[in-house]
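Input: a single structure, listed below in structure tokens.
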There are 2 protein chains.
Amino acid sequence: MQSFTEENYLKTIYYLANRQQGEVSTNALAEMTATKAASVTDMLRKLADKQLIHYKKYQGVRLTEEGERLALQIIRRHRLWEVFLVDKLGFRWDQVHEMAEELEHIRSEELVERLDTFLGHPQFDPHGDPIPTPAGQMPVTGYQKLSEVVVGEPVQLMGVLEHSTEFLQHLDRSNLTLGCTVVVQEVNTFDRSVLVQLVGDRTVFISYEVAKNLLVNQPAG
Amino acid sequence: MQSFTEENYLKTIYYLANRQQGEVSTNALAEMTATKAASVTDMLRKLADKQLIHYKKYQGVRLTEEGERLALQIIRRHRLWEVFLVDKLGFRWDQVHEMAEELEHIRSEELVERLDTFLGHPQFDPHGDPIPTPAGQMPVTGYQKLSEVVVGEPVQLMGVLEHSTEFLQHLDRSNLTLGCTVVVQEVNTFDRSVLVQLVGDRTVFISYEVAKNLLVNQPAG
DNA sequence: CTAAAAATTTAGACTTGTCTAAATTTTTAT
DNA sequence: ATAAAAATTTAGACAAGTCTAAATTTTTAG
Ligand SMILES: [Mn+2]
Ligand SMILES: [Mn+2]
Ligand SMILES: [Mn+2]
Ligand SMILES: [Mn+2]
């Protein structure tokens, strides 16, 4: 049984490992968890003792199989609670992350599985992130960033890489919602901003900063 | 902002104060929280510093107005989550207490109020306990114990005083569900056990140990 | 290759909530 | 009324998780 803190470290290691190559560094963890490197080192020793991470001093860290299984379980809980908060309680997608940060630590296998059933076995959370399976597998999605899409290709908005309230509210104000279809009309080489056609709606200007945080999917075909 | 531990102490003080007269003792708190008296003393000093309790050394403890408001807020959350677990997720009434012990500490005013709305503003939890108002008022119920009901009076089963899994499952096995109407047919003076007629069903034998933990209401009239 | 910079770990300390053992206060019983 | 018992508090300690400052190791640059 892990503490809240240990669970948060596991989850953070998982995220960092999946957005760089190779081992996760002490400093990266310190920044992400808003603590100091010395504190991270202490925790890494503890997680290594519990066989949840592979850890060699000065060499960075990697989850063990068991550690990854636990991390995915926590992410599953987080994302299911986010679906609950949006679908059932009517929160907006920019309001739910902090509450899910607490709810994800509620410990009961049966609670999570009943919640999953109650929600209709959703595949994605309100931000388009895939929900890991009960067995601890992360579904793979073949999404690419909107910033990499070529002119003329109709694509569907499937997810976001940035989860801050500010970013999500900015998307709302731009009428960009998950599932909507867009066509890139123009890419400015100077600042890499793009002009997109919201199918059945208006045209929207999207900065590179925003475009590189939007995930899209080619519609079938 | 209080820690989980502080919240649990406040809740426990509230419960103990409402089932005895006057001040709550250090030992009673130690037993209820499964800690030692010395630990309780330390916490009482902290809660007194925060003005959540009235505390004089050796003289027992009493909630301040603010302390009571917080205690009732926590009890409100606990009971609403229990309703959610039973009504929405389909748990049995004997399965939900432990999960609610964790869920009650999730901090978000808006979450609780949206949950309340989602559940249809329930007045009672799955054990018949009244749900405190958002403003922190505990509704009063004029229930009496089944052990005090006289022969011949039809009464309705409204709540339980004991919440253990064993007790609740025992009631299930006896076909005693909240809301059912019963008539006491016989009271054995020797052991105070009672024989009751389950209206529209069979006759059930109820020991004093069980009867004194069942709360009933006179049906209108 | 080697010295400076950067990253990481170690040492020692603090906070929260807990404990045991000892001291103190209150209650109970003769 | 007073001694014994019971309840409570104090003293000193510990584990978890954090911090700052100092020491160590690795990386980077010249
Ligand atoms: Mn989130
Ligand atoms: Mn999410
Ligand atoms: Mn309960
Ligand atoms: Mn209850």
Side-chain angles (χ1 to χ4, degrees), chain A residues 1-13 16-17 19-63 67 70-71 74 101-102 104-105 107, chain B residues 1-17 19-63 67 70-71 74 101-102 104-105 107:
Chain A
M1 200 98 307
Q2 305 71 231
S3 65
F4 281 24
T5 311
E6 288 169 325
E7 290 194 344
N8 283 334
Y9 271 91
L10 290 176
K11 197 178 51 158
T12 306
I13 294 168
L16 289 174
R19 92 172 180 210
Q20 307 142 182
Q21 70 301 359
E23 268 65 26
V24 175
S25 77
T26 301
N27 265 359
L29 280 166
E31 189 184 329
M32 195 86 152
T33 56
T35 62
K36 297 305 163 78
S39 311
V40 172
T41 300
D42 288 342
M43 181 56 78
L44 294 184
R45 199 139 30 77
K46 179 154 49 150
L47 293 174
D49 286 350
K50 294 193 176 187
Q51 320 243 38
L52 299 176
I53 59 175
H54 295 292
Y55 173 55
K56 265 185 298 237
K57 286 208 305 192
Y58 294 101
Q59 305 306 307
V61 78
R62 190 163 48 83
L63 291 173
L70 288 172
I74 300 155
E101 283 293 308
E102 299 191 42
E104 73 189 4
H105 299 292
R107 230 156 318 212
Chain B
M1 199 98 307
Q2 305 72 232
S3 65
F4 282 24
T5 311
E6 288 169 326
E7 291 194 343
N8 283 334
Y9 271 91
L10 291 176
K11 199 179 47 156
T12 306
I13 294 168
Y14 180 89
Y15 281 128
L16 289 176
R19 90 169 180 211
Q20 305 144 183
Q21 71 300 358
E23 267 66 24
V24 174
S25 76
T26 301
N27 264 358
L29 280 165
E31 189 184 329
M32 195 86 152
T33 57
T35 62
K36 297 303 162 81
S39 311
V40 173
T41 300
D42 288 342
M43 181 56 78
L44 293 184
R45 199 137 30 77
K46 179 152 52 149
L47 293 174
D49 287 349
K50 294 194 176 185
Q51 319 242 35
L52 299 175
I53 58 175
H54 296 292
Y55 172 54
K56 267 186 298 239
K57 285 208 306 192
Y58 294 101
Q59 304 306 307
V61 80
R62 190 163 48 81
L63 291 173
L70 288 172
I74 300 155
E101 283 293 308
E102 298 190 44
E104 72 188 4
H105 300 292
R107 226 153 324 210

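Just so we're clear, the structure is a prediction, and the values are computed from it rather than from any experiment. Naming: A, B, ... by sequence-line order, numbering from 1 per chain.
- Set against dT8(D), dT18(C), dA21(C), the side chain of Thr41(B) has dT8(D) as its closest nucleotide.
- Straight-line distance from the OH atom of Tyr55(B) to the C1' atom of dT25(C): 12 Å, rounded to whole Å.
- Counting only heavy atoms from C-beta on, Asn27(B) has its side chain closest to dA7(D) among dT24(D), dA7(D), dT18(C).
- Pairing of dA23(D), defined by two Watson-Crick or G-U wobble distances under 3.5 Å, is identified with dT8(C).
- Put simply, CE on Met43(B) is 16 Å from P on dT15(C), counting in whole angstrom units.
- Residue-to-nucleotide proximity on DNA chain D shows that, of Thr35(A) and Tyr58(A), the 5′-proximal contact is made by Thr35(A).
- Considering only the side chain of Gln59(B), dT26(C) comes nearest among dT18(D), dT9(C), dT26(C).
- Separating the CD atom of Glu31(A) from the P atom of dT8(C) is a distance of 12 Å, rounded to the nearest angstrom.
- Across all their heavy atoms, Ala28(B) and Ser25(B) have their closest contact at N-OG, 3.1 Å.
- Taking the side chain of Tyr9(B) as heavy atoms from C-beta on, and the options dT18(C), dT9(C), dT8(D), the nearest nucleotide is dT18(C).
- Closest approach of Ile13(B) to Leu44(B), counting heavy atoms only: CD1-CD2, 4.4 Å.
- Within the 4.0 angstrom heavy-atom criterion, only backbone atoms of the sugar-phosphate kind lie near Thr26(A); the bases stay farther away.
- Using a cut-off of 4.0 Å between Lys/Arg side-chain N and Asp/Glu carboxylate O, Lys56(A) and Glu23(A) are scored as not salt-bridged.
- In terms of phosphate contacts, Lys36(B) brings no side-chain nitrogen or oxygen within less than 4.0 Å of OP1 or OP2 of dT18(C).
- Here the closest non-hydrogen pair linking Arg45(A) and Tyr55(A) is N-CE2, 4.3 Å.
- Look at CZ on Arg45(B): it is 12 Å from C1' on dT8(D), rounded to the nearest Å.
- When the P atom of dA7(C) is taken as reference, atom CD of Gln20(A) falls 13 Å away, rounded to whole Å.
- To the nearest angstrom, P of dC19(D) lies 13 Å from CG of Leu29(A).
- In this structure, Lys57(B) places its NZ atom 7 Å from P of dT25(C), rounding to the nearest Å.
- Between Lys36(B) and Glu31(B) no salt bridge is recorded (no basic side-chain N to carboxylate O distance below 4.0 Å).
- Phe4(A) comes within contact range of no nucleotide atom at all, as no heavy-atom separation falls under 4.0 Å.
- Going from atom NZ of Lys50(A) over to atom C1' of dA15(D) covers 12 Å, rounded to whole Å.
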